[in-house]
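Counting starts at 1 for both ligands and their atoms, in listed order.
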Amino acid sequence: MSDDPRVIRLIMDLRKYGIPEPILSVIERIPRALFVDEPFAHAAWDNSALPIACGQTISQPLIVAYAAWKLELAPGMRVLEIGTGSGYQAAVLSPLCRRVYTIERHRPLLSLAQARFKALKLDNIVSRHADGLEGWPGQAPFDRILLSAAVGEVPVNLIEQLKPGGRLIAPVGPVPKSDVFAPKISFSQHLTQIIRRENGIERTTLIPVMFVPMVAGLPDARSSDDVERKR
Ligand code: SAH
């Protein structure tokens, strides 16, 4: 166990929510400070979401751990994550499965995340700059799919990229169309689990959450990437 009191406090907090030990040990090992911007480094071990570039957020450790838990990962699995952001969620999934495929629409965020994966030698993470709403047809089907941004409804084409018996987790609920001011908007979503069965899907509503919205298409020079450059 780490002897950093901030790490111990976070792990004890997550344990109270029932997060299993193998996931706690991954949370303890992945240095979250590497995934946040310098001004927020002091808060890296807090159990809270924090702002990152391009108006996005790094998810709260509890939600990252909870999603990793509910995905019920096994060592041989191939997992698709949509919404790389800081790369923290992908880094937490990485030791728990065979390969993580992660997609991000903001190029500056993806570049930072890729440098972090390299620094931590997380060699089983493959990432790409694309619209994740299309999934990753060239690598489908996946054992698991995790949406790290909120959707009004889970797109059917993503469910189709699951293996039979495969599982998808997504924050589902009302979302604004643009992500530019999204972190300032409060809306109610639920983490939702979908299992692909032979004869349809099995759907379970998990916990209430608040994620930035999934936005279709890539940002153009005049929109969010531009906002990022002006900061
Ligand atoms: N898992 C991330 C959470 C980042 S927030 C982390 O641990 O830090 C959600 C991310 O989803 C944002 O970076 C946002 O740009 C991205 N996103 C939103 N819509 C997307 C889309 N259609 N395709 C790919 N990424 C998208």
Only heavy atoms of S86, strictly under 4.0 Å: list the atoms of ligand 1 that pass. 6 (C), 7 (O), 8 (O)
I103: numbered ligand 1 atoms lying under 4.0 Å from its heavy atoms: 24 (C), 25 (N)
NZ/NE/NH1/NH2 to OD/OE distance under 4.0 Å, E153 and R203: yes
Short list, please: which atoms of ligand 1 are under 4.0 Å from a heavy atom of I58? 8 (O)
Euclidean distance, S2 OG relative to I27 CD1, rounded to 0.5 Å: 13.5 Å
If only atom types and distance count, is the side chain of Q56 paired as donor or acceptor with the main-chain N or O of C54 below 3.5 Å? yes
Show the atoms of ligand 1 that are less than 4.0 angstrom away from any heavy atom in S59. 3 (C)
Which of the atoms of ligand 1 are close to L109, meaning less than 4.0 Å from one of its heavy atoms? 13 (O)
Could you list the atoms of ligand 1 found under 4.0 angstrom from a heavy atom of Y88? 7 (O)
What verdict does the side-chain hydrogen bond (donor to acceptor under 3.5 Å, both in side chains) test give for Q114 and S127, after you've listed the backbone C-alpha separation in whole Å, the side-chain angles of each residue and the deciding distance to 0.1 Å? CA-CA 7 Å; Q114 285 169 336; S127 56; 2.9 Å; yes
Is the closest heavy-atom distance from G217 to ligand 1 below 4.0 Å? no
Of all the atoms in ligand 1, which lie at a distance below 4.0 Å from a heavy atom belonging to A130? 23 (N), 24 (C)
Would you kindly specify which portion of D131 sits under 4.0 Å from ligand 1, judged on non-hydrogen atoms: side chain, backbone, both or neither? both
Would you call D131 and R105 a salt bridge, using N to O less than 4.0 angstrom? no
With atoms numbered from 1 as shown, which atoms in ligand 1 lie under 4.0 angstrom from a non-hydrogen atom of G83? 1 (N), 2 (C), 3 (C), 4 (C), 10 (C), 11 (O), 16 (C), 25 (N)
Of the listed options (L93, T102, T84, L147), which comes nearest to atom 2 (C) of ligand 1 when hydrogens are ignored and any heavy atom counts? T84
Closest to atom 9 (C) of ligand 1 among S148, A216, G85 (heavy-atom distance): S148
Which distance, rounded to the nearest 0.5 Å, do you find between the CZ of R144 and the SG of C97? 10.0 Å
Tell me if the aromatic rings of Y17 and Y66 count as close, with their centers under 6.0 Å from one another. no
With distance as the sole test, does Q161 use its side chain to make a donor-acceptor pair with the main-chain N or O of P141 at under 3.5 Å? no
Tell me whether the rings of F35 and F117 are parallel (<30°), tilted (30 to 60°) or perpendicular (>60°). tilted
Mode of M214 contact toward ligand 1 - side chain, backbone, both, neither (heavy atoms, under 4.0 Å): both
Region of P213 that comes within reach of ligand 1 [heavy atoms, distance under 4.0 Å]: backbone
I'd like to know if the side chain of R99 and the backbone of R78 have a donor-acceptor N/O pair within less than 3.5 Å. no
Answer side chain, backbone, both or neither: which part of R105 comes under 4.0 Å from ligand 1, heavy atoms only. both
Strictly under 4.0 Å, does any heavy atom of C54 approach an atom of ligand 1? no
